[in-house]
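Because the structure is predicted, anything quoted here is derived from the model rather than measured. Computation of the quantities below employed the complete heavy-atom set of this structure, encompassing side-chain atoms and omitting hydrogens, waters and symmetry-equivalent molecules.
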Amino acid sequence: MASIASIGDMRARVLTIMATRSQDQELVASVAANHAVKTRNALDSQSLEKVVPAFGWHPWFSHQLYEDHGGDDTTYDPSEPTGLQKSKHYMAVLSPSPDPDFIASLPDPMSLGAFIAETRRRLLAEPVALIGEVGLDKAFRLPWGWDVSQPSSRDKSATPGGREGRTLSPYHVKMTHQVWILKAQLRLAGELGRPVSVHGVQAHGVLFDALASLWKGHEKEVISKRKQKLVAAGAEDFSSSEEDNDEFDYAAGAPRTTSAAARKPYQPKPFPPRICLHSFSGAAQMLSQYLNPAIPARVFFSFSMGVNLSTPGAESKFADVVRACPDDQLLIESDLHTAGDVMDHSLEQMYLRVCNVKGWTLLEGVERIRKNYAEFVFG
């Protein structure tokens with residue numbers, strides 16, 4: 001939070017800041033109260049509107065939420081003694097089975113339903129806000145609890161609840177539980193017509209399956225070129241779709257229009273209208289599965305120095321993945337938790353790398369990606 005004051009001096013016109021856990025939902029809301037972007041026009045002005053807020057629960061903290069759907073597989077019953085229910089919950093969602101001391105170091109789990117209700121209220125209060133950061137992570141392991149004998153090891157400037165340099169335990173969140181938490185947030189995005197930022201690490205197949213399960217039955221009809229030739233010229237516009245015609249401009253409080261005639265209001269769906277796969281770490285072949293024209297959501301791919309160029313392995317596939325990414329679906333990010341000069345530098349370096357791969361001038365790349373960002377946020 002100490003770097004928030006530097007946002008106004010950054011060269012980046014607008015930042016998207018995302019919540020990840022219980023401790024930072026209100027922090028994001030407080031920054032948005034003073035700096036939130038209100039309309040699409042803010043992206044082209046020098047106003048004080050510098051932040052697009054996002055509210056979500058990251059997979060690293062998904063174990064802290066319990067599924068309160070009332071079924072036989074519910075992991076936590078708040079009407080029962082807290083200690084026993086806490087142990088029951090963490091034994092059910094963590095693997096391998098955690099020992100009692102580790103469970104004792106964890107916070108009491110929170111209701112997923114209550115979190116979704118709170119997030120809905122926050123999104124309605126901020127009409128341009130996204131849902132994020134959400135997702136799936138097969139690689140992450142929970143950190144060990146704090147050593148109470150060494151309180152000086154805590155970083156007083158950091159938002160509570162993070163790792164803060166703690167070593168990692170062998171425990172991870174079961175994928176079935178992560179998927180449940182993710183889908184609940186994706187459904188909320190579909191209900192309100194908000195875009196989402198999705199984290200995916202070593203879980204690209206599971207993530208695609210989770211998304212596809214929500215848009216199943218809503219796929220676009222793909223008309224073959226042969227069939228198009230059988231239709232009289234101008235009789236039907238195959239370049240449009242239902243999804244293009246019913247998006248709602250929440251910033252303006254009215255349906256989006258491309259002409260004098262207003263489009264239909266947004267109709268809630270079980271999947272988000274727009275998805276950003278943030279710091280996309282998959283191979284080009286994995287990216288291509290999201291380019292199926294039958295997919296009813298628009299999918300963007302974002303890249304960062306900290307993830308996509310941080311290791312020789314990541315760098316070796318970077319150029320192929322960027323080349324495979326359609327020009328109008330590419331975004332850039334810092335994936336850093338502090339604002340200021342370091343973030344500006346990270347963004348600049350990634351712009352230069354992407355423009356080099358794409359064969360764009362820097363000015364051309366900045367303009368293309370600015371347009372893509374506006375399409376992702378506003379539709």
Determine whether Arg298 and Ile275 satisfy the following criterion, side-chain contact (heavy atoms from CB on, under 4.5 Å), listing intermediate values before the conclusion.
CA-CA 6 Å; Arg298 189 167 184 196; Ile275 300 164; over 6 Å; no
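- Going from atom CZ of Phe300 over to atom SG of Cys276 covers 8.5 Å, rounded to the nearest 0.5 Å.
- Put simply, CD on Gln329 and CG on Leu277 are 10.0 Å apart, with the number rounded to the nearest 0.5 Å.
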Between Val201 and Phe140, does a side-chain contact (heavy atoms from CB on, under 4.5 Å) hold up when you go through it step by step?
CA-CA 8 Å; Val201 174; Phe140 180 75; over 6 Å; no
Evaluate Arg11 against Glu348 for salt bridge (charged side-chain N to carboxylate O under 4.0 Å, His left out), listing each step before the verdict.
CA-CA 10 Å; Arg11 287 177 290 155; Glu348 180 181 16; 3.5 Å; yes
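- Leu65 places none of its side-chain heavy atoms less than 4.5 Å from the side chain of Trp180.
- Looking only at side-chain heavy atoms (C-beta outward), Val93 and Lys174 stay at 4.5 Å or farther from each other.
- Asp335 and His278 get closest at one heavy-atom pair: OD1-CE1, 3.3 Å.
- There is no side-chain donor-acceptor pair under 3.5 Å between His35 and Glu49.
- When only modelled atom types and interatomic distance are considered, Asp24 and Thr20 share a side-chain donor-acceptor pair under 3.5 Å.
- Residues Val196 and Gln185 fail the side-chain proximity criterion, which asks for heavy atoms closer than 4.5 Å.
- Linking ILVMFWY residues whenever their side-chain heavy atoms come closer than 4.5 Å, directly or via other members, places Leu330 and Met286 in the same cluster.
- Checked against the 6.0 Å centroid threshold, His63 and His177 do not count as a close aromatic pair.
- Taking OG1 of Thr119 as the reference point, atom CD1 of Ile131 lies at 7.0 Å (rounded to 0.5 Å).
- Ser281 and Lys317 form no side-chain donor-acceptor contact under 3.5 Å, judged by distance and modelled atom types alone.
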If you apply the rule salt bridge (charged side-chain N to carboxylate O under 4.0 Å, His left out), what do you find for Arg353 with Glu315, and how did you get there?
CA-CA 11 Å; Arg353 293 296 295 266; Glu315 188 160 4; 2.9 Å; yes
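- For the atom pair CG of Asn356 and CG of Leu362, the computed distance is 11.5 Å after rounding to the nearest 0.5 Å.
- Donor-acceptor pairing under 3.5 Å is recorded for the side chains of Tyr373 and Thr16.
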The test is salt bridge (charged side-chain N to carboxylate O under 4.0 Å, His left out); show your working for Arg120 and Glu191 and say whether it passes.
CA-CA 10 Å; Arg120 182 182 290 106; Glu191 172 193 332; 3.0 Å; yes
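- Using modelled atom types, one finds no donor on one side chain facing an acceptor on the other under 3.5 Å when comparing Ser334 with Ser304.
- Atom CG of residue Asp328 and atom CD1 of residue Ile369 lie 11.5 Å apart, to the nearest 0.5 angstrom.
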With side-chain contact (heavy atoms from CB on, under 4.5 Å) as the criterion, how do Met110 and Ser22 come out once you've worked through the C-alpha distance, each side chain's angles and the decisive distance to 0.1 Å?
CA-CA 9 Å; Met110 300 171 56; Ser22 63; 3.9 Å; yes
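- Screening Leu142, Asp99, Leu94 for a side-chain contact (heavy atoms from CB on, under 4.5 Å) with Ser169, the sole residue that qualifies is Leu142.
- Contact detail for Gly145 and Arg166: the closest heavy-atom pair is CA-NH1, 4.0 Å.
- For the residue pair Thr75/His89, the side-chain donor-acceptor check at 3.5 Å is satisfied.
- Enclosure of atom CD in Gln285 is not indicated, since only 12 or fewer non-hydrogen atoms of other residues, nucleotides or ligands lie within 6.0 angstrom.
- Tyr90 places none of its side-chain heavy atoms less than 4.5 Å from the side chain of Ser97.
- The main-chain N or O of Gly379 is found under 3.5 Å from a side-chain atom of Arg40 such that the two form a donor-acceptor pair.
- For the residue pair Asn41 / Thr39, no side-chain donor-acceptor distance below 3.5 Å is found, with atom types taken as modelled.
- Counting only distance, with no hydrogens or angles, the side chain of Asn308 and the backbone of Ala314 share no donor-acceptor pair below 3.5 Å.
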Passes ring-ring contact (aromatic ring centres under 6.0 Å, His included), His218 versus Phe271? Steps please.
CA-CA 9 Å; His218 296 264; Phe271 58 90; 5.5 Å; yes
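- Remark: the Ser302 side chain and the Glu333 side chain contain an N/O donor-acceptor pair separated by less than 3.5 Å.
- For Glu133 and Arg21, the salt-bridge test fails: no basic side-chain N is under 4.0 Å from an acidic carboxylate O.
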Given the rule in the salt bridge (charged side-chain N to carboxylate O under 4.0 Å, His left out) test, do Glu126 and Arg122 qualify, once you have shown the distances and angles that lead to the verdict?
CA-CA 6 Å; Glu126 292 291 346; Arg122 294 190 189 282; over 6 Å; no
Give the intermediate values and the outcome of side-chain contact (heavy atoms from CB on, under 4.5 Å) for residues His204 and Phe280.
CA-CA 9 Å; His204 298 290; Phe280 181 74; 4.2 Å; yes
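- The distance from atom CG of Asn34 to atom CD1 of Ile4, rounded to the nearest 0.5 Å, is 10.0 Å.
- Using a 4.0 Å cut-off between charged nitrogen and carboxylate oxygen, Glu367 and Arg370 count as a salt-bridge pair.
- Relative ring orientation between Trp144 and Phe102 is described as perpendicular, the plane-to-plane angle rising above 60° on a 0-90° scale split at 30° and 60°.
- Counting heavy atoms of neighbouring residues, nucleotides and ligands inside a 6.0 Å radius, atom CG of Leu48 does not exceed 12 of them.
- The number of heavy atoms from other shown groups lying within 6.0 Å of NZ (Lys371) does not exceed 12.
- Crowding of Asn292 atom CG: a count of heavy atoms from other residues, nucleotides or ligands under 6.0 Å exceeding 12.
- When side chains are defined from C-beta on, Val31 does not count as touching Pro53, because their heavy atoms never get closer than 4.5 Å.
- The backbone N or O of Asp137 lies less than 3.5 Å from no partner atom in the side chain of Gln202, so there is not a single donor-acceptor pair.
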